[in-house]
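Heads up: the structure comes next, in structure tokens.
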Amino acid sequence: MKIRFGYVANALGLWDASPSKTLTFARYSALSKMERMDKLKSVTAQNLQHTKRILHYNIAHEISLYRFSSSFVPLATHPEVMWDFVTPFRTEWEKLGQLIRQFKLRPSFHPNQFTLFTSPREEVTMNAVKDMEYHFKMLEAMNALERGIINIHIGGAYGDKDTSLKRFHQNFKKLPHTIKKHVTLENDDKTYNVEETLITCEKEKVPMILDYHHYMANKGEGDLSHYLPRIFNTWNSFSTVPKVHISSPKSDQAYRSHADFVSLDFILPFLKMAKALDRDFDIMIEAKQKNLAMLKLIEEIASIRGVKRISSGEVEW
């Protein structure tokens, strides 16, 4: 069983390398019309450059997984802006894609919690479609659609989970098929548990990302060992191995919040459960210390008897 590791957005330790520099609509509105486009392009150019630096860091450290920042392009989906962020930077997008393809990186996006398909309000659904189109355009601009995924949660329950799930299936049809092919769904820590998310994924024929921390916070009725083979099987028709999200609680009082690092004791039961299946998979680290937490955890896992570290970012058990 081989496990590759990755992290989210920022490579801590790289100087001034945030890929998420922003421009608020209030600041944008205060600028002259001529200055507005210059500012949009300036911030986006910085984010592109910083992301390229991060990818080079990942390549140097043999880190195959990387989640791009959703704040890549300022005001990309704002109804009063919605500018063409691809054409002016076509070369820069292509360069990112070349790195992804050459070094066989696994890119992903994770839109925010407002990108959901369970709302009874039509405008919320249409905004979700618009946000998914934005993320798809970035993968397309990088020519990274073959490897790229866009991961979301099912959404809210609105006081009636059964009705909301039916509404999800109905609203999900509004997402273009070209985008739907790249969607994954993840269980959450409060509302839709592993079983509910898995059934939804099986019905929609989309892969499921297991979030182990979320499972521990919102277990539902069934035991994870019962569902894990089915979760991994949702990836059978996909072009890559299953993916899992890992983090650990900040404290007993703030159980759902992510800690700075990942506790090996917390995730070890899951790793042993996965070992019983003996199937390759990838782990995305969602700890606050990002790449530093990832590297620390890999070292700790590699110290377990029977585990062999085969690169900076991969182990075999």
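The chain is numbered in sequence order, starting from 1.
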With the side chain counted from C-beta on, respond yes when [X] and [Y] share a heavy-atom pair under 4.5 Å apart, and no when they do not.
{"X": "Ile63", "Y": "Ile298", "result": "no"}
{"X": "Val194", "Y": "Tyr212", "result": "no"}
{"X": "Asp84", "Y": "Val86", "result": "yes"}
{"X": "His182", "Y": "Leu145", "result": "yes"}
{"X": "Val241", "Y": "Phe232", "result": "no"}
{"X": "Lys104", "Y": "Ser64", "result": "no"}
{"X": "Asp189", "Y": "Tyr215", "result": "no"}
{"X": "Leu297", "Y": "Ile283", "result": "no"}

Heavy-atom donor-acceptor pair, [X] side chain to [Y] backbone, under 3.5 Å:
{"X": "Ser303", "Y": "Glu300", "value": "yes"}
{"X": "Arg101", "Y": "Leu96", "value": "no"}
{"X": "Tyr28", "Y": "Pro74", "value": "no"}
{"X": "Arg106", "Y": "Asp282", "value": "no"}
{"X": "Asn143", "Y": "Gly97", "value": "no"}
{"X": "Lys21", "Y": "Thr44", "value": "no"}

Evaluate whether atom [atom1] of [X] has more than 12 neighbouring non-hydrogen atoms of other residues, nucleotides or ligands under 6.0 angstrom away.
{"X": "Phe114", "atom1": "CZ", "value": "no"}
{"X": "Lys130", "atom1": "NZ", "value": "yes"}
{"X": "Lys39", "atom1": "NZ", "value": "no"}
{"X": "Glu123", "atom1": "CD", "value": "yes"}
{"X": "Lys2", "atom1": "NZ", "value": "no"}
{"X": "Lys250", "atom1": "NZ", "value": "no"}
{"X": "Lys166", "atom1": "NZ", "value": "no"}

How many angstroms lie between [atom1] in [X] and [atom2] in [Y], if you round to the nearest 0.5 Å?
{"X": "Ser248", "Y": "Tyr255", "atom1": "OG", "atom2": "OH", "value": "9.0 Å"}
{"X": "Thr115", "Y": "Met132", "atom1": "OG1", "atom2": "CE", "value": "7.5 Å"}
{"X": "Ile150", "Y": "Lys181", "atom1": "CD1", "atom2": "NZ", "value": "12.0 Å"}
{"X": "Asp38", "Y": "Lys33", "atom1": "CG", "atom2": "NZ", "value": "15.0 Å"}
{"X": "Arg4", "Y": "Met284", "atom1": "CZ", "atom2": "CE", "value": "10.5 Å"}
{"X": "Met37", "Y": "Leu31", "atom1": "CE", "atom2": "CG", "value": "11.5 Å"}

Quiz item: Under 6.0 Å between ring centres, would you say that holds for Phe136 and Phe109?
Solution: no

Co-membership, hydrophobic cluster, residues [X] and [Y], 4.5 Å side-chain:
{"X": "Phe238", "Y": "Leu65", "answer": "no"}
{"X": "Leu175", "Y": "Ile154", "answer": "yes"}
{"X": "Ile149", "Y": "Ile285", "answer": "no"}

Side chains of [X] and [Y] only: does a donor on one sit below 3.5 Å from an acceptor on the other?
{"X": "Asp265", "Y": "Ser263", "result": "no"}
{"X": "Thr125", "Y": "Glu122", "result": "no"}
{"X": "Lys205", "Y": "Thr234", "result": "no"}
{"X": "Glu286", "Y": "His213", "result": "no"}
{"X": "Arg121", "Y": "Asn127", "result": "no"}
{"X": "Ser71", "Y": "Ser20", "result": "no"}

Quiz prompt | Step-by-step side chain to side chain contact (heavy atoms under 4.5 Å, CB included) determination, Met1 to Ile3 | solution = CA-CA 7 Å; Met1 176 181 77; Ile3 309 173; 3.9 Å; yes

Exercise. Please determine if Lys290 forms a cation-pi arrangement with Tyr7, meaning its NZ or CZ atom is less than 6.0 Å from the six-membered ring centre and no more than 45° off the ring axis.
Key: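 Because its charged atom misses either the 6.0 Å distance or the 45° angle limit, Lys290 does not stack over Tyr7.
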
Quiz item: Does Arg167 make a cation-pi contact with Tyr158, if we ask for NZ or CZ under 6.0 Å from the ring centre and within 45° of the axis?
Solution: yes

Exercise. Compare every heavy atom of Gly155 with every heavy atom of Leu116, then report the nearest pair and how far apart it is.
Key: CB-CA, 3.8 Å

Quiz prompt | Arg309/Glu62 ion pair, N-O < 4.0 Å | solution = no

Quiz prompt | Pair Glu202 + Arg230, salt bridge at N-O below 4.0 Å | solution =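 Yes, Glu202 and Arg230 are salt-bridged.
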
Practice problem: Start with the C-alpha distance between Leu271 and Ile301, add both sets of side-chain angles, then the distance that settles side chain to side chain contact (heavy atoms under 4.5 Å, CB included), and finish with yes or no. | Solution: CA-CA 9 Å; Leu271 293 176; Ile301 292 174; 3.9 Å; yes

Exercise. Might you work through the ring-ring contact (aromatic ring centres under 6.0 Å, His included) test for Phe72 and Trp93, ending with a clear yes or no?
Key: CA-CA 12 Å; Phe72 219 135; Trp93 289 114; 5.1 Å; yes

Quiz item: Do Phe5 and Leu295 pass the side chain to side chain contact (heavy atoms under 4.5 Å, CB included) test, and can you show the C-alpha distance, the side-chain angles, and the key distance before you say yes or no?
Solution: CA-CA 9 Å; Phe5 295 81; Leu295 293 170; over 6 Å; no

Quiz prompt | Criterion side chain to side chain contact (heavy atoms under 4.5 Å, CB included) on Leu185 and Ile209, from CA distance to verdict | solution = CA-CA 6 Å; Leu185 293 178; Ile209 289 181; over 6 Å; no

Practice problem: Pick out which of Lys190, His214, Gln113 makes a side-chain contact (heavy atoms from CB on, under 4.5 Å) with His153. | Solution: His214

Quiz item: Could you walk me through whether Tyr66 and Phe68 pass the ring-ring contact (aromatic ring centres under 6.0 Å, His included) check?
Solution: CA-CA 6 Å; Tyr66 177 66; Phe68 287 94; 5.0 Å; yes

Practice problem: Please determine which of His245, His135, Arg67, Glu186 meets the side chain to side chain donor-acceptor pair (under 3.5 Å) test together with His110. | Solution: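 Of His245, His135, Arg67, Glu186, side chain to side chain donor-acceptor pair (under 3.5 Å) with His110 is met by Glu186 alone.
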
